[in-house]
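Please read through the structure below; I'll follow up with questions.
To find a chain, count down the sequence lines: A is the first, B the second, and so on, and within it residues start at 1. What you see below is based on every heavy atom in this structure, not just the backbone, and it leaves out hydrogens, waters and symmetry mates.
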Amino acid sequence: MRYDPKKIEARWQKKWLADKTYEPDFKHAKKPFYNLMMFPYTSAEGLHIGGMRTFTGVDIYGRLKRMQGYDVFEPIGLDAFGIHSENYGLKTGRHPMTYGRVLEKNFYRQLAMMGNGFAWDERLETNDAEYYRWTQWIFVQMFKRGLAYRKKQAVNWCPSCKTVLADEQVIAGECERCGSVVVKKELEQWFFRITQYTERLLQNLEKIDWSERVKIAQKNWIGKSEGAMIKFKVKSDVKNDDIEVFTTRPDTLFGATYLVVAPEHEFIESHKSQITNYVQVVAYVKKARTKAEADRIAAGKEKTGVELKGIKAINPANNEEISIFVADYVLGSYGTGAIMAVPAHDERDFAFAKKYKIANRQVIEPVFIQTTEPGIVRKDLPFEHRDAIIAIVKHWSEEKYIGLKWKTVAWQTLVTGGIEKGQTAEEAAKAEIREEAGFLHPKLIADLGIIHGKWYHVPKQVNRFGHARALYFELQDGAREAISEAEQKNHDMFWFSKEDLEKFLSPESHRWALAILDRSRAYTGDGILTHSGSFTGMDSEEAKWEITKFVRGKRVSQYHLRDWLLSRQRYWGPPIPMIFCEVCKNTGRGERPEMPGWYAVPEKNLPVKLPFVKDFRPTGTDQSPLASVATFYKVRCPKCKKMARRETDVSDTFLDSAWYFLRYPSTRSARSGQVPWDQEITKKWLPVSIYIGGAEHSVLHLMYSRFLTMAFCDWKLLKFEEPFPKFRAHGLITKDGAKMSKSKGNVVNPDDYIRAYGADAVRMYLAFLAPFEQGGDFRDTGIRGITRFLERVWKFAHKVIMIRQPAEKNLKRSFGHRPQDDALQIILHKTIKKVTEDIENLQYNTAISALMILLNEVEASQNAVGAEDIKIFLKLLAPFAPHITEELWQKSGNRELGAGSRKFRSIHREAWPKYNPRFIQENMVDFIFQINGKTRVVIEIKRGSSQQEATRLARNLDAVKQRLPSEPTRVIFIPDKLINFVVQ
RNA sequence: GCCGCUGUGAUGAAAUUGGCAAACAUGCGGGACUCAAAAUCCCGUGGGGGCAACCCCUUGUCGGUUCAAGUCCGACCAGCGGCACCA
């Protein structure tokens, strides 16, 4: 009897389907478990090996749950709409509407071959009119509730896909799909108001159990920053009004020496008559607006801009008149599209101000807190304030500077010390230079201002809050006196070039002193205010809100997240179900007051079917191919019944997949309902129990799904606001270390491997190769180990079932009937425990290794193994290798039940084995004897042995005895684990 | 630049959360079976030393805490991922 996977796999797949083994009873299920994987999209390449790994990973988990008594629902379907399938059609000249069926069939065939426990009866496709009528219905609801709107703005345009894209679909300036450089286009488009949910999308992240990296990605994408809105008065000869800016640093307001508006800012247009150099400004704006996003970034740090002449703004903190610029380093889409510029405390403003020679005023004195040893601030000690100096001292004839290496503590500093009573900073510095370096003739060249520092002064054992004046000296000559012995014990003195000195210095405050000598950087950290009127001396954190109050600003949060741009100028998607009526627009009528002329297609007229269009190529204009199909777009206005025009854009494919999980359980029962899902079933089955998918969808699919679910919850259509309380991101499968892609020609096709080794072997290899959440490299050789394992299982199980079982009828030596200390019993129960826990933690690789260990063990002690043992083994293996275990199970089961039993009962519906904690405790434990923490001997001793017993044993062990004096300094005893003798 | 993750044999990876580093597999070497090969089975396999029982070293690098560190703390190096002219 050879193990022939091809034969048995096909047989059981057919049987399961006929038996409806994996179809839950939606109405009556007692323990519903919604086991979901991310929706695959139909692709010409078919199923990817990485996709197979995800699906089997989910399936393994679901099979455990099913055997644990849950009613597991593991749906499957296809996201068949979208640019991916459409582009394939364009390339091959095959129409997606017809050829899509072929791809679909192939995809389902591949999925079926994996042997997953899919509920095939509930499958759905997004391009099915019965599905997308509800996608359109969602759009209509969004519109009716003011969450869908049209707006003209500069949007991302992919020249290769010939459509606009959402921000989320632009990765570092490139199209997420095809990698082309995205350009900006000024277009009127449909948006969903996801920004209305920003704060909830952010807050809820705390409540959901997701892979940490995905949560962080969402958090970054939402991009919250806290700050203030501040109004600046604008003055000109013509009229006075104001301009509002957003800043996270209102504490630097006194240092704001100019304002900048983005090229897109309406301020420019509305102040046309006041700007005396308007022609020049408009030329700049025009150039900036046509620049591709990528060019704008590539242009890098070189800042450009034009001053708006003829108008000035007033800094509300000090009533100073300041200039206004337009510059493309300010984005129109963030904050108010205008900023206050503080050259002294912002890198970008610093660079711009330097180029255009705008005043730079320091208003924050830096405070550096020591974060590295030696010198980390002790939390339990108070601060001792101290006025001090930091002196940069230059050589009298060379480009060299003094650095001090401390001998008592690992500090490397400039010349530094305290200011004594009655001393000026200059006097104090000169005294230190003489004491620490011996030089007699330093000349003060520059006062670099105050630098504060908090640190723990190790030699003096106090927390210091130092206020140091940084001074720059040049030595007039080399005249020098001897350094006292006391000082010589404190430091060594060295000369350094400026670069070497910067590397040499350890406290950040000293490095900063060197940086301001060149005036090459802006200080962007927190500190203490200076040159800030009555706020001088205040901490910047406190000053932020005090100054905001002072100038009547508002404390607000800003977010990076933008509204979801939803329209696509393409063919292969659900038409956006809207109608525009010119007549109504002109009379000011419309369904929403803010959008005259626009009407949603009445719900009874949904779906708006996508017509068959022979030439479905994108036009490359801002119009979809549907715009040239008169029979499609010509429609009567739902209100006035005059001729109107249908919207001809289709919706983003991410809308199709943002709600599919709500539909699955209801595919068969909600066909003609008022909402896309059956309320009763939804209440029972949702939210999703566990969701598994790729981290690459962190800010696309997952964000959109959360958004829609929240909206539905607010509309009382759902009772939960998070669709996926538990989500795990799987790892990526590479081939030869590289991401698989068609262009690289390294795509692994699962078909070939399943054909060669069987689905069970491929499944197990994919699970064994690395922890599920980690991913790894696909190697052909790796499958061999799994194949060997399955063949051994096959042979061994046959041996037990066919030969031994009949003979052991009365032998009560199997599971549960063994003596307490039976070695096989112990390992059996341990394996049950480990496999159960590992599957629950998605650690399939170690679960499989535990099964391998069990098989090794069991083969080595064949005599003791009974049919009951083998059946437990098969159950534990069943989630990973569903076919071979079913085959062997049925073989063993038929004998047990007798020839009379005809009823099919799948192993996958049998109860998962339970372990007995009592049997896991061995009587003997491996006990470690250590000397000074080094293991010397390991021997088996009785569980529960005392320290005295262990010590007595130790004294009889040669390896220990030799090294052990009569009285060890110390003994550490950990029961049932180790004893460690500490010897001097 | 900011935020996060990961560094363990030739390779994929384990390590009951601070307690025998390298489980399980792959690969490689040797042997058995065979006319031969494949398959299968057995033995060996981190590095160094010793005739040997054994000993010393080893988890990216350096330092620290501890009786004991792959695991905790600090610095650095390398790789991966997210964000990034976001005020």
Side-chain angles (χ1 to χ4, degrees), chain A residues 171-172 211-225 227 245-249 252 256 260 262 296-297 299-303 327-331 333-342 345-349 351-352 371-374 376 410 524 558-562 695-696 698-699 732 765 768-771 774 776-786 788-789 791-792 795 830 833-834 837 843 845-853 855-856 926-938 958-959 968-974 977-983:
Chain A
I171 314 292
S211 298
E212 204 52 34
R213 58 186 159 134
V214 175
K215 282 209 230 179
I216 288 162
Q218 291 219 347
K219 218 170 158 177
N220 283 343
W221 187 257
I222 292 169
K224 180 175 183 168
S225 53
V245 304
F246 172 71
T247 178
T248 54
R249 292 300 300 272
T252 64
V260 187
R296 217 161 130 166
I297 294 163
K301 303 290 168 236
E302 187 57 32
K303 307 240 176 318
D328 67 1
Y329 81 91
V330 170
L331 306 175
S333 48
Y334 186 75
T336 63
I339 63 152
M340 65 178 216
V342 185
H345 303 295
D346 182 280
E347 302 278 4
R348 296 150 300 178
D349 300 343
F352 190 83
T371 53
T372 57
E373 289 291 10
I376 294 181
T524 57
Q558 284 292 317
Y559 304 88
H560 171 193
L561 184 72
R562 315 280 161 76
E696 70 273 17
S698 304
V699 293
L732 196 75
Y765 169 62
F768 186 58
L769 131 149
Q774 191 187 298
D777 208 53
F778 188 91
R779 302 259 165 102
D780 291 16
T781 51
I783 295 190
R784 303 224 2 86
I786 295 291
R788 278 179 201 153
F789 171 73
E791 268 163 7
R792 276 167 61 204
K795 270 191 222 153
K830 274 187 168 170
K833 181 174 193 284
K834 176 139 184 75
E837 289 170 358
Q843 276 147 6
N845 55 334
T846 47
I848 291 171
S849 112
L851 288 168
M852 287 172 167
I853 293 169
L855 182 67
N856 290 347
D926 287 339
F927 194 81
I928 300 161
F929 294 86
Q930 293 183 333
I931 309 279
N932 284 341
K934 268 208 165 85
T935 301
R936 290 298 161 188
V937 192
V938 181
D958 287 343
T969 322
R970 205 175 145 190
V971 180
I972 283 102
F973 176 75
I974 314 281
K977 199 149 267 176
L978 63 84
I979 187 159
N980 182 13
F981 299 99
V982 185
V983 179

- prompt: How would you list, by chain and number, every residue that makes a side chain to side chain contact (heavy atoms under 4.5 Å, CB included) with A/Ser333, sequence neighbours excluded?
  reply: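 Here the qualifying residues are A/Leu331, A/Arg562.
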message: Could you spell out the base pairing of RNA chain B as a dot-bracket line? Use Watson-Crick and G-U wobble contacts where both distances are under 3.5 Å, [ ] for crossing pairs, | for partners on a different strand.
response: (((((((..(((......[....)))((((((.......))))))((((....))))..(((((..]....))))))))))))....
task: Ignoring backbone atoms, establish whether A/Asn845 has a side-chain N or O less than 4.0 Å from OP1 or OP2 of B/A14.
output: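 Yes, such a contact exists.
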task: Taking the side chain as every heavy atom from C-beta outward, state whether A/Leu769 and A/Gln774 have any pair of such atoms under 4.5 Å apart.
output: no
- request: Could you state the atom-to-atom distance from CD1 of A/Ile216 to C1' of B/G4 in whole Å?
  value: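 Checked: the CD1 to C1' distance equals 5 Å.
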message: Taking any heavy-atom pair under 4.0 Å as a contact, classify A/Asp926: base, sugar-phosphate, or nothing.
response: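 Contact class for A/Asp926: base.
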message: For a quick check of understanding: with a heavy-atom distance under 4.0 Å over all strands, which category does A/Gln930 fall into, base, sugar-phosphate or nothing?
response: base
message: Considering every strand and a 4.0 Å limit on heavy-atom distances, what is the contact class for A/Leu978: base, sugar-phosphate, or nothing?
response: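 A/Leu978: base contact, heavy atoms under 4.0 Å.
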- prompt: B/A87 P sits how many Å from A/Lys303 NZ, rounded?
  reply: 14 Å
query: When all nucleic acid strands are considered with a 4.0 Å heavy-atom cut-off, which category describes A/Ser225: base, sugar-phosphate, or nothing?
result: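 Sugar-phosphate, backbone atoms only, no base.
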message: I'd like to know if the side chain of A/Gln218 reaches the main chain of A/Ser698, judged simply by a donor and an acceptor atom lying under 3.5 Å from each other, with no hydrogens or angles considered.
response: yes
query: What pairs with A/Lys977 under side-chain hydrogen bond (donor to acceptor under 3.5 Å, both in side chains), at least two apart in sequence or on another chain?
result: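 side-chain hydrogen bond (donor to acceptor under 3.5 Å, both in side chains) list for A/Lys977, sorted by chain: empty.
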task: Just call it for A/Arg213: base, sugar-phosphate, or nothing, with non-hydrogen atoms closer than 4.0 Å on any strand.
output: nothing
task: Give one of base, sugar-phosphate or nothing for A/Ile974, where a contact means two heavy atoms less than 4.0 Å apart.
output: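 The answer is base, as A/Ile974 lies within the cut-off (heavy atoms under 4.0 Å) of a base atom.
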- request: List the atom of A/Gln930, the atom of A/Thr935, and the distance in Å for their closest heavy-atom pair.
  value: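 Heavy atoms only, the tightest pair is NE2-OG1, 3.5 Å.
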query: Would one find a side-chain N or O of A/Arg936 under 4.0 angstrom from OP1 or OP2 of B/A68?
result: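 Answer is no, no contact under 4.0 Å.
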Contacts of A/Tyr559 that satisfy ring-ring contact (aromatic ring centres under 6.0 Å, His included) - sequence neighbours left out: none
- prompt: What integer number of Å spans the P atoms of B/A25 and B/G7?
  reply: 23 Å
message: Does A/Ile972 reach a base, just sugar-phosphate, or nothing at all? Heavy atoms under 4.0 Å.
response: base
message: In this structure, is the centre-to-centre distance between the rings of A/Tyr765 and A/Phe778 below 6.0 Å?
response: yes
- request: Check whether any side-chain N or O of A/Gln774 sits under 4.0 Å from OP1 or OP2 of B/U6, and answer yes or no.
  value: no
- prompt: Given the C1' atoms of B/C83 and B/U11, what is the spacing between them in whole Å?
  reply: 35 Å
Protein-to-nucleotide contact annotation, 5' to 3' order, nucleotides 37-45 of chain B [B base; S sugar-phosphate only; - none; under 4.0 Å, heavy atom]: ---SS----
message: Using a heavy-atom cut-off of 4.0 Å across all strands, would you classify A/Tyr559 as base, sugar-phosphate, or nothing?
response: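 A/Tyr559: no heavy atom of the nucleic acid under 4.0 Å.
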message: Run the side-chain hydrogen bond (donor to acceptor under 3.5 Å, both in side chains) test against A/Gln558 and tell me which residues pass, sequence neighbours left out.
response: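 Partners of A/Gln558 under the side-chain hydrogen bond (donor to acceptor under 3.5 Å, both in side chains) test: none.
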- prompt: Between B/C28 and B/A78, how far is it from one C1' atom to the other, in whole Å?
  reply: 29 Å
query: Does B/C83 have OP1 or OP2 sitting under 4.0 Å from an N or O in the side chain of A/His560?
result: no
field: Distance below 4.0 Å between A/Asn856 side-chain N/O and B/A25 OP1 or OP2
entry: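 Looking at the OP1 and OP2 atoms of B/A25, one of them is under 4.0 Å from a side-chain N or O of A/Asn856.
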field: Inter-nucleotide C1' distance (B/G64, B/C56), Å rounded
entry: 24 Å
- prompt: Base, sugar-phosphate, or nothing: which does A/Asn980 touch, judged by heavy atoms less than 4.0 Å apart?
  reply: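 Answer is base: heavy atoms of A/Asn980 come under 4.0 Å of a base.
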